[in-house]
Amino acid sequence: MYAKVIVDVPARPTNRAFDYIVPETMRDYIAVGSRVGVPFGPRTVQGFVVELHDGTDLDPEKLKPIRQTMDVTPPLTPELVKLGRWISRTYLCHEIIALQAMIPGALKAKYERHVKVADDLETEEKQPELLPLLLPEQEEILAHVRKHESVELESLLQTFSEKGALIKQLLEDGRLTEIQMVKDRMSTKKALYVFPPNDPDQLEAWQAELPARAAKQKQVLAFLQEHPEPIKLTELLTKLQITAAAVKGLVERGWLRLEETEVQRDPYASRTFKPTSPLPLTPEQQSVFERIREAAQGRTRRVFLLHGVTGSGKTEVYLQSIQSCLDQGREAIVLVPEISLTPQMVERFKGRFGNRVAVLHSRLSNGERYDEWRKIVRREVSVVIGARSAIFAPFTNIGLIIIDEEHESTYKQEESPKYHARDVAIARAGEHGASVVLGSATPSLESMYRTSVEAAASATPDRPAFELLSMPSRVEGRPLPRVNIIDMREELKNGNRSMFSRALYKAIEDRLHKKEQVVLLLNRRGYATFVMCRTCGYVADCPHCDISLTYHQSSKAIRCHYCGYAERELAVCPDCGSEHIRHFGTGTQRVEEELGKLFPGIRVIRMDVDTTTEKGSHEKWLTMFRNRQADVLLGTQMVAKGLDFPYVTLVGALAADSVLNLPDFRAAERSFQLLTQVAGRAGRHELPGEVFVQTYTPEHYSIMSASKHDYMGFMRKEMLMRKLHNYPPFHRLVLITLSHEQVQLLLRAGEMLASRLKELAQTMQVDGTELEVLGPVASPISRIKDRYRFQCMIKYRGETDISALVQKAAAVLDDIVKQQKLTVSIDVDPQVLM
Ligand code: ADP
Ligand code: ZN
Ligand code: ZN
């Protein structure tokens with residue numbers, strides 16, 4: 001039997017499968033998707049089996065056998081292996097990178113140096129009789145290694161701590177050989193468990209049998225009689241306030257068994273979830289649900305775009321759709337943005353489906369993530385809820401994939417593989433004959449476009465047409481909140497220099513009085529957090545990056561967000577010596593200060609990067625706010641998403657234009673989405689809500705439409721703008737970013753790439769396709785970590801094999817990449833253009 005293996009050597013020449021022999025002993029448990037350790041040159045590297053064959057076209061004599069298998073059950077399914085190839089082709093990354101992205105971090109390879117006793121000494125040039133005689137201590141070392149088959153070098157050196165030189169000699173003589181072993185970065189967590197006898201009745205008899213002085217042992221037996229499940233040793237000892245000696249005595253008698261067993265780290269184990277039952281659906285929910293259920297009964301892929309206003313009850317539709325999918329014995333994946341994956345959200349799913357749900361998000365520890373993932377592999381769960389990478393859940397019978405807040409840019413991974421979870425979901429659904437539901441109050445223009453007649457006409461298997469579903473009203477006829485636009489220029493004219501308009505000030509005062517709650521949004525990027533000299537205008541920049549340094553009040557330091565460079569806050573201006581240095585704290589810090597001045601005694605919870613770095617802090621703040629331990633929740637985007645608090649009746653967006661001014665063609669869309677989302681936090685329950693949007697550009701269509709809850713109006717205008725400028729969804733983009741320390745070299749490489757792209761575009765142009773190459777130009781952030789950055793952009797429409805074109809073009813840079821360490825990064829359908 002022969003295997004084709006993708007090896008963990010991410011480079012262009014190794015981006016293909018290599019052939020290995022499957023040794024007799026491994027045949028029964030090796031499969032497509034298995035993780036293996038294989039010899040690769042002088043090393044052992046991790047790889048994934050992507051094909052198995054009975055024969056081979058190659059000379060079997062030249063092939064090497066697989067050295068290790070890493071798991072009993074393969075971590076990848078054949079479908080995921082196929083998906084890996086699709087990702088590597090679509091997003092232009094090495095296949096190994098795509099495959100590794102699908103397994104939990106705990107399974108990423110760790111390489112260890114092991115030694116084993118050489119078994120082929122005779123065939124080597126070194127004849128044993130010519131070797132120096134073995135010392136008795138060396139015999140001892142060899143015996144030790146032989147007993148264990150192979151021993152990690154580190155640990156051998158520790159065991160024989162004084163005899164490093166002797167071990168070295170054994171290696172040099174070839175009596176020991178060094179091999180590399182692939183190990184998991186994380187092992188399953190194990191603990192000692194006490195196992196009671198299979199027949200608990202015996203416990204009573206044994207207690208009688210024990211002498212009176214063995215009181216502690218009797219106590220253990222009595223306890224087990226009442227709790228006949230295996231129990232963790234440490235837990236038993238603390239419960240009974242005894243030492244391990246008592247248990248040991250019982251184990252020696254052969255009555256109890258002590259065994260090391262796996263512990264599952266379930267982060268939600270200590271919480272209880274109130275079971276919920278399905279709500280009677282509103283007519284709007286019902287008709288949407290019917291469509292999804294009917295689709296899920298078929299076995300062909302259908303993709304739905306569910307446009308439902310905030311508070312229209314999308315989650316209940318998701319829950320009931322999942323139920324009907326489970327009723328058919330199929331599995332479901334739910335993706336939500338990391339930031340919305342709050343305990344509240346998890347509770348809604350655990351409440352309905354109990355422990356059939358696994359939760360995957362990045363705030364879990366590596367071990368916790370691994371354990372949740374293994375529940376999927378072992379078929380202990382049939383629903384997964386998680387952030388982006390949960391799309392790779394190794395299910396084998398998926399019926400439904402839900403992506404909530406589908407417009408969120410975080411569904412695109414910014415590092416390689418630069419995949420978009422939405423497109424991966426569609427690809428997987430194709431393999432499983434599953435349905436996809438993309439939900440949002442503000443669907444992305446890309447998704448909206450795919451519901452059009454034009455898109456349906458040019459649909460392909462990779463880019464199928466979407467069916468539009470909509471829920472235009474809130475549950476129980478609750479009104480959408482009234483949105484007031486406030487022109488901050490007028491405020492300034494009237495002498496109000498505060499960051500609160502008079503109207504918003506009054507509204508906050510009113511809510512404090514009524515004991516209702518307020519959410520305030522301040523976009524982080526809006527209020528730059530820079531350090532400026534008020535005398536000469538000097539701004540502190542990072543010496544290594546093209547970006548200003550950020551002031552961190554808590555540590556009194558100024559820091560670069562890209563490379564981590566930090567220095568103490570400035571006392572005097574390095575340029576003019578003035579002492580008038582202004583440290584602009586994070587915008588939210590300033591707002592918090594001002595709130596305290598304007599409303600003495602006000603209780604504010606501030607949520608931003610500074611206050612939410614600690615594990616669990618995010619959840620802590622939200623729980624406090626939910627329990628009404630604060631009047632105001634103030635924060636960046638993270639307060640805008642998915643939160644549902646009954647007492648919030650006022651929402652203020654303090655600087656609505658901050659997103660509008662970003663240098664990105666999606667700025668208007670992002671701004672509309674953010675305002676709609678944050679406005680949606682108000683008045684979701686019995687109490688009606690009100691929203692204030694403070695802006696310097698009240699006439700902008702993005703702000704006007706958001707204030708009128710007019711998604712369709714906004715979408716039509718924005719579609720026109722995109723069409724006019726050949727932007728997505730009409731054209732697609734590929735961004736190629738080059739970086740290097742020398743501008744000269746970069747420029748030359750950029751020119752080479754651009755002209756090669758243009759040349760190839762000419763030859764590959766097919767009827768009906770348009771293709772345009774822009775650049776090279778300096779990237780918006782032109783330097784990071786002392787490396788300059790240039791970019792080329794391809795805009796195209798129609799069916800072109802863009803991957804082939806880019807790959808071919810990038811080959812002109814191969815020599816510079818290799819010899820001068822030029823970095824080339826390719827982003828297909830980029831979400832961020834910086
Ligand atoms: P969305 O995700 O669309 O913004 P949610 O799913 O959070 O909306 O629903 C808003 C509120 O309406 C929630 O408190 C939810 O429990 C409630 N809700 C949803 N569906 C129903 C229903 N059919 N009957 C009564 N309440 C409902
Ligand atoms: Zn100065
Ligand atoms: Zn920097």
Side-chain angles (χ1 to χ4, degrees), residues 266-297 304 306 308-336 340-361 372 375-376 379-386 390 393 395 397-405 434-437 439 441 469-471 473-478 619 622-623 626-627 642-647 680 683-687:
D266 183 346
Y268 298 95
S270 58
R271 295 190 209 161
T272 51
F273 294 91
K274 252 196 276 137
T276 64
S277 22
L279 297 171
L281 296 177
T282 66
E284 273 181 13
Q285 286 176 318
Q286 185 68 34
S287 73
V288 165
F289 168 62
E290 296 289 345
R291 287 279 299 279
I292 299 171
R293 182 173 60 184
E294 167 245 322
Q297 269 152 12
F304 296 101
L306 170 56
V309 298
T310 56
S312 58
K314 292 187 287 293
T315 312
E316 186 61 34
V317 172
Y318 300 155
L319 291 170
Q320 299 199 16
S321 304
I322 293 169
Q323 186 62 58
S324 77
C325 162
L326 299 183
D327 290 345
Q328 294 185 51
R330 300 174 83 187
E331 297 142 340
I333 299 176
V334 184
L335 299 189
V336 298
S340 327
L341 199 51
T342 56
Q344 193 191 349
M345 189 68 157
V346 171
E347 205 175 307
R348 287 170 93 170
F349 286 83
K350 287 243 179 188
R352 195 66 60 86
F353 305 114
N355 49 21
R356 295 168 80 181
V357 181
V359 183
L360 291 172
H361 59 77
E372 289 293 296
K375 289 184 192 166
I376 307 170
R379 306 280 167 269
E380 290 170 8
V381 295
S382 30
V383 180
V384 163
I385 170 165
F395 279 141
N397 187 17
I398 301 172
L400 183 63
I401 302 175
I402 290 166
I403 302 188
D404 191 30
E405 313 275 4
S435 295
V436 179
V437 176
L469 302 173
S470 68
M471 300 203 299
S473 36
R474 282 188 160 183
V475 168
E476 294 185 339
R478 287 169 199 148
E619 302 175 0
L622 294 180
T623 308
R626 169 169 309 280
N627 296 339
L643 308 179
D644 192 11
F645 301 114
Y647 290 94
R684 294 168 65 86
H685 295 261
E686 281 73 37
L687 300 167

Distance, nearest 0.5 Å, that separates [atom1] of [X] from [atom2] of [Y]:
| X | Y | atom1 | atom2 | result |
| --- | --- | --- | --- | --- |
| S382 | R330 | OG | CZ | 13.0 Å |
| S324 | I292 | OG | CD1 | 8.5 Å |
| R352 | L326 | CZ | CG | 11.5 Å |
| L319 | T276 | CG | OG1 | 6.5 Å |
| L622 | N627 | CG | CG | 11.0 Å |
| K314 | L306 | NZ | CG | 7.0 Å |

Does some side-chain heavy atom of [Y] sit less than 4.5 Å from a side-chain heavy atom of [X]?
| X | Y | result |
| --- | --- | --- |
| V334 | D404 | no |
| R348 | E316 | no |
| I385 | K350 | no |
| T310 | R474 | yes |
| V317 | L469 | no |
| V475 | Q285 | yes |

- Item | Residue among V357, V437, L400 satisfying side chain to side chain contact (heavy atoms under 4.5 Å, CB included) with I322 | L400
- Item | SB check E331 R356 (cutoff 4.0 Å) | no
Quick one: closest heavy-atom pair of [X] and [Y], and the distance?
| X | Y | answer |
| --- | --- | --- |
| G399 | C325 | CA-SG, 3.9 Å |
| R291 | F304 | O-CZ, 3.8 Å |
| I333 | A390 | CG2-O, 3.7 Å |

- With sequence neighbours left out, the residues meeting side chain to side chain donor-acceptor pair (under 3.5 Å) with Q328 are none
- For N355, what residues pass the side chain to side chain donor-acceptor pair (under 3.5 Å) criterion, not counting sequence neighbours? none
- For residues E284 and S473, is any side-chain donor paired with an opposing acceptor at under 3.5 Å? yes
- Query: Is the number of heavy atoms from other residues, nucleotides or ligands under 6.0 Å of Y647 OH greater than 12?
  - Reply: no
- Check whether any side-chain N or O of Q320 sits under 3.5 Å from a backbone N or O of L279 as a donor-acceptor pair, and report yes or no. yes
- Task: Using atom types as modelled and distance alone, determine if a side-chain donor or acceptor of E372 lies under 3.5 Å from a backbone N or O of V359.
- Result: yes
